[in-house]
Amino acid sequence: MLEKTYEPGAVEARISADWLKANAFAAGAGAKPGAETYTIVIPPPNVTGSLHIGHALNNTIQDILIRFNRMLKKDVLWQPGMDHAGIATQMIVERQLMERQQPRRREMGREKFVERIWEWKGESGGAIMNQLKRLGASADFSRERFTMGDNGAADDQMVRAVTKVFVELHKRGLIYRAKRSVNWHPGLETAISDLEVENIEIKGHMWHLRYPLADGVTYQFPIAYDEEGKPTEWETRDYIIVATTRPETMLGDSGVAVHPDDPRYASLVGKFVTLPLVGRRIPIVADEYADPALGTGAVKVTPAHDFNDFEVGVRNNLEQINVFTTDGSIVSAEAIPAAYRGMDRFVARKAIVADLTALAEEDPTRGLDHIEDKKIMVPHDEKSKLVVIEPFLTDQWWVKADVLAQPAMASVREGRMKLVPQQYENTYFAWLENIRPRCISRQLWWGHQIPARYGPDNEPFVAYDEAEAQALADAHYGQPTPIKRDEDVLDTWFSSALWPFSTPGWPDETPELKRYYPTSVLVTGFDIIFFWVARMMMMGLEFLEEEPFHTVYMHAPVRDEKGQKMSKTKGNVIDPLVLIEQYGADATRFTLAAMAAQGRDIRLAINRVEGYRNFVTKIWNAARFLRNERVPPRRGLRSQGQQAPAQSLDRRRHRAALPPSPGALLITSSTKPPTPPMTSSGAPSATGLSNSPSPSSTARTKQPRPKPAPPPHGRSIRS
RNA sequence: GGGAGUAUAGCUCAGCGGGAGAGCAUUCGCUUCACACGCGAAGGGUCACAAGUUCAAUCCUUGUUACUCCCA
């Protein structure tokens with residue numbers, strides 16, 4: 001007997017298992033011969049991740065498109081897989097080692113540690129794929145891919161793909177090595193990208209510091225103005241005041257900049273100041289970066305620890321003095337006063353402010369002038385929002401993203417790739433037009449190791465393999481020379497940018513690549529237009545000379561009922577797996593799909609899910625009605641050794657709530673027609689249906705329907 | 001500072017150049033043999049505000065206000 005209320009848990013699990021067993025989601029399943037292809041690559045979730053409500057929406061939309069096109073008998077591939085998520089994964093395993101009091105990363109050594117991560121990946125990584133199955137996603141799970149490949153070995157196809165892209169781009173001059181300021185994460189001790197930095201406004205201070213002029217130089221500084229802004233009063237100064245939000249970086253100052261048109265300081269350009277506490281003699285330079293209206297109009301220049309200062313330094317030929325170690329403490333270098341060496345950066349700030357204050361108490365024309373409260377933007381680690389990111393001067397690998405961006409922009413401009421909704425084209429262009437060279441190397445161990453080797457003088461040799469690099473090096477030095485592999489790995493997004501063509505087998509010319517590239521549509525949230533969409537465009541156009549997709553459908557973010565972002569700290573997270581548990585995958589997905597209108601964030605209200613759960617039950621009961629539970633045919637059926645009709649009905653109900661797939665049809669083909677044939681009395685005939693083991697039953701012949709295609713084989717689900 | 005979006009019933013949202021809608025909530029009536037996660041009915045909105053275009057505006061245009069998001 002069917003329950004009055006639909007209990008999704010058991011039914012969905014079984015149907016899902018049947019689908020998978022029948023290979024219903026395999027690429028091309030149920031396709032007409034010669035059918036056109038329909039491909040979607042899943043935005044690969046992090047291997048460390050678990051299904052959140054955004055994934056549920058994202059994959060529901062993909063599933064709708066995929067199942068619809070499968071019903072049209074197209075050759076459909078929904079390519080699933082996961083991203084190796086460099087930083088996040090390495091952190092998880094490191095934390096695990098710490099918790100278990102096992103040898104740490106550096107004690108283990110690289111090889112062991114990476115092995116350990118692969119182990120973790122095998123054991124607990126990728127739970128999200130099972131969660132996707134639970135969601136009902138009809139991806140071809142037999143083709144699951146991983147951005148690091150199967151084992152990360154050099155001959156692995158994913159690794160070969162990444163290597164080829166790197167080597168080729170290097171050959172074309174689009175990848176190069178350079179010492180530049182990067183966003184440095186002092187906790188993880190690696191470079192991160194601009195996009196992984198979030199500027200957070202905090203209540204900070206501007207410290208106004210007096211830098212004494214060297215060589216006895218003095219000048220007249222205006223201290224009073226008339227109504228027209230003309231100075232009326234001056235005082236003689238032998239110092240210049242600079243303002244900074246980061247006093248500790250003064251240890252690395254190598255200049256003071258004033259605006260070339262600023263009359264107040266005109267006489268000082270070319271003169272020198274003596275850096276307080278340090279004693280270094282540094283020049284005063286004229287540079288338009290100094291804004292006369294801001295602060296005192298004079299700025300200290302720290303090329304090694306500020307992006308703008310770096311540029312000023314290059315323009316004015318100033319020294320780059322690094323004051324920090326990779327973990328954010330003060331270096332123990334000769335240029336640094338002994339008192340500050342080894343101090344944490346924030347401790348050093350306090351110490352330096354204290355020392356400058358003491359200096360001012362001794363002599364009112366020296367040291368700290370005053371402190372101003374000011375809201376300032378401070379770069380933070382976008383994930384934790386806790387760690388302050390440090391502009392840091394290091395040797396890194398860079399991509400000339402501005403060059404690669406041109407075809408990617410042209411494609412959208414010329415309508416070869418459409419963003420839906422269209423307004424995101426503005427965002428896309430705005431970002432690509434201002435794109436800067438992108439740092440792609442990361443000081444991690446988990447990831448695609450950079451295919452570069454170095455000679456004894458750090459000359460890089462980029463090649464497909466060790467032998468080729470060795471040959472390059474030997475040729476360069478004119479004799480056999482030892483080379484060393486680059487320790488760093490590539491940013492995770494470097495490999496995910498290749499996803500649409502790496503998954504079907506590139507750089508090999510596989511039938512899959514030929515068949516399933518380009519993909520039909522990309523479904524994603526707008527938040528990764530830059531991270532992912534734009535980069536896939538660049539790489540696809542560069543290496544396959546065709547867009548990886550011609551349409552990108554961007555869906556809204558899912559928020560809570562009040563429109564707030566879901567976050568653990570706010571405690572308003574709605575876990576899709578809990579929803580599925582409680583209301584069923586159908587109700588959950590129906591809700592998300594129904595609410596996924598364009599141009600409006602989804603405010604997920606539980607009572608909507610409840611409403612659709614009720615709707616699912618309604619369909620369930622409609623099926624009960626059709627089966628006419630009042631008439632008890634089952635006793636007879638059972639005595640004939642036949643299965644109760646419940647199972648087939650389950651499936652029918654499920655198909656009603658979910659778009660059928662060829663797989664579903666395949667499994668349930670013998671239960672056609674979907675509605676029981678009616679007897680002449682008009683009452684549903686349970687016996688008529690249930691007694692018929694195949695579609696060519698008496699029930700059907702009694703009341704012929706428009707002839708459906710005969711099932712491919714006489715297989716009955718009851719068998 | 002630059003850009004984008006949204007504003008429709010108590011709530012969450014569809015809709016659309018010519019009749020203002022759904023679900024939930026509310027109220028009332030139903031132990032109707034598929035379903036109370038139900039059935040039947042009712043109340044409830046100056047479609048944010050202002051101007052314009054139009055025979056006609058919730059819808060198109062412009063402006064205003066409020067909120068949200070992205071970039072600096």
Side-chain angles (χ1 to χ4, degrees), chain A residues 1-9 53-54 57 183 193-201 291 293-294 307-308 375-379 382 419-436 524-531 533-534 554-567 572 574 579 582-584 586-588 590-632 645-646 649-650 652-653 656-657 675-676 683-684 686:
Chain A
M1 166 121 185
L2 294 184
E3 296 301 321
K4 273 191 185 177
T5 51
Y6 172 55
E7 299 295 340
I53 199 78
L57 170 65
N183 296 299
S193 77
D194 293 350
L195 295 171
E196 287 159 318
V197 175
E198 183 174 325
N199 288 303
I200 300 178
E201 189 180 82
D291 183 349
L294 261 184
F307 289 101
N308 291 312
K375 283 187 179 164
I376 53 173
M377 300 299 274
V378 179
E382 184 242 5
L419 292 158
V420 180
Q422 202 183 357
Q423 79 238 12
Y424 285 115
E425 289 182 1
N426 289 332
T427 315
Y428 180 85
F429 287 131
W431 187 69
L432 285 177
E433 274 159 13
N434 298 310
I435 198 166
R436 293 188 298 178
T524 185
F526 63 84
D527 48 331
I528 53 175
I529 291 182
F530 312 140
F531 276 113
V533 178
M554 267 157 304
H555 55 75
V558 184
R559 304 177 176 281
D560 78 357
E561 204 164 344
K562 291 171 195 138
Q564 293 198 310
K565 212 168 175 173
M566 290 188 193
S567 77
N572 61 349
I574 299 177
L579 285 183
Q582 202 166 354
Y583 300 106
D586 291 342
T588 303
F590 203 117
T591 309
L592 291 170
M595 296 180 82
Q598 290 207 333
R600 189 173 202 153
D601 293 355
I602 295 176
R603 297 192 186 189
L604 188 59
I606 296 290
N607 65 19
R608 290 294 294 262
V609 186
E610 233 172 78
Y612 288 121
R613 186 270 318 267
N614 295 349
F615 174 68
V616 169
T617 305
K618 171 60 74 183
I619 293 175
W620 173 262
N621 279 299
R624 286 183 77 211
F625 174 69
L626 292 174
R627 296 306 306 270
N628 195 352
E629 293 294 313
R630 286 165 296 165
V631 184
L649 196 61
D650 290 355
R652 193 170 312 123
R653 184 227 57 82
T675 46

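Values reported hereafter were calculated over all heavy atoms of this structure, with side chains retained and with hydrogens, waters and symmetry mates removed. Throughout, a chain's letter reflects where its sequence line sits, starting with A, and its residues are numbered from 1.
- Between the OH atom of A/Tyr424 and the P atom of B/C69 there is a distance of 13 Å, given to the nearest Å.
- For the C1' atoms, the distance from B/G15 to B/A51 is 25 Å, rounded to whole Å.
- Among all heavy-atom pairs drawn from A/Val616 and A/Tyr6, the shortest one is CG1-CD2, 3.4 Å.
- Using the Watson-Crick or G-U wobble rule with both distances under 3.5 Å, B/G43 pairs with nothing in any strand shown.
- Checking A/Tyr612 against A/Ala594, the closest nucleotide of RNA chain B that is more toward the 5' end is the one next to A/Ala594.
- Here, B/G45 and B/A22 have their C1' atoms 14 Å apart, quoted to the whole Å.
- Counting to the nearest Å, the P atom of B/A14 and the CE atom of A/Met595 are 8 Å from each other.
- Taking atom P on both nucleotides, B/C49 is separated from B/U54 by 23 Å, rounded to a whole Å.
- With both pairing distances under 3.5 Å, B/U31 is matched to nothing as a Watson-Crick or G-U wobble pair.
- Nucleotide B/A4 holds its C1' atom 12 Å from the CE atom of A/Met554, rounded to whole Å.
- For the C1' atom pair drawn from B/A14 and B/A20, the interatomic distance equals 12 Å after rounding to whole Å.
- Straight-line distance from the CD1 atom of A/Ile529 to the C1' atom of B/A4: 11 Å, rounded to whole Å.
- Taking atom CD1 of A/Ile200 as the reference point, atom P of B/C70 lies 12 Å away to the nearest angstrom.
- A/Arg608 contributes no side-chain N or O that forms a donor-acceptor pair with the base of B/C24 under 3.5 Å.
- Summarising the geometry, the separation between OH on A/Tyr583 and P on B/C37 is reported as 12 Å, rounded to the nearest angstrom.
- Out of B/C70, B/C35, B/C37, the shortest distance to the side chain of A/Arg624 is found at B/C35.
- In the set B/C37, B/A34, B/C70, B/C70 carries the atom at the smallest distance from any side-chain atom of A/Thr427.
- Going from atom CZ of A/Phe590 over to atom C1' of B/A22 covers 12 Å, rounded to whole Å.
- Between A/Glu382 and A/Val197, the shortest heavy-atom distance links the atoms CB-N, 4.0 Å.
- Spacing between B/C55 and B/G5 at atom C1', rounded to whole Å, works out to 34 Å.
- Shown here, B/G1 forms a base pair with B/C71; the pair counts as Watson-Crick or G-U wobble because both key distances fall under 3.5 Å.
- If you take atom C1' in B/A4 and the same atom in B/U12, they sit 23 Å apart, rounded to whole Å.
- Separation of the P atoms belonging to B/C16 and B/U61 is 15 Å when rounded to the nearest angstrom.
- Taking all atoms of both residues into account, the shortest heavy-atom contact from A/Trp431 to A/Ala534 is CZ3-CB, 3.7 Å.
- Proximity note for A/Phe530 (side chain, C-beta onward) versus B/C13, B/C71, B/C39: the nearest is B/C71.
- Nucleic acid contact class of A/Ala430 (heavy atoms, under 4.0 Å, all strands): none.
- OP1 and OP2 of B/G38 both lie 4.0 Å or more from every side-chain N or O belonging to A/Asn621.
- Crowding of A/Phe615 atom CZ: a count of heavy atoms from other residues, nucleotides or ligands under 6.0 Å not exceeding 12.
- Summary of the strand contacts: A/Arg613 and A/Met377 both lie near RNA chain B, and taking for each the nucleotide with the nearest heavy atom, the more 5' one is attributed to A/Arg613.
- Ionic pairing of A/Arg436 and A/Asp194 is present here: one or more N-O contacts between side-chain nitrogen and carboxylate oxygen are shorter than 4.0 angstrom.
- Under the Watson-Crick or G-U wobble criterion, with both distances below 3.5 Å, B/A7 is paired with B/U65.
- Considering OG1 of A/Thr588 and CD1 of A/Ile53, their distance stands at 7.0 Å, rounded to 0.5 Å.
- Rounding to the nearest 0.5 Å gives a distance of 15.5 Å between CZ of A/Phe429 and OH of A/Tyr424.
- The pairing partner recorded for B/A25 is none, the criterion being a Watson-Crick or G-U wobble arrangement whose two distances lie under 3.5 angstrom.
- Taking atom NZ of residue A/Lys618 and atom C1' of nucleotide B/A36, one finds them 10 Å apart after rounding to whole Å.
- Across B/A50 and B/A57, the matching C1' atoms stand 14 Å from one another, rounded to whole Å.
- Judged by Watson-Crick or G-U wobble contacts below 3.5 Å, the nucleotide B/G52 has B/C60 as its partner.
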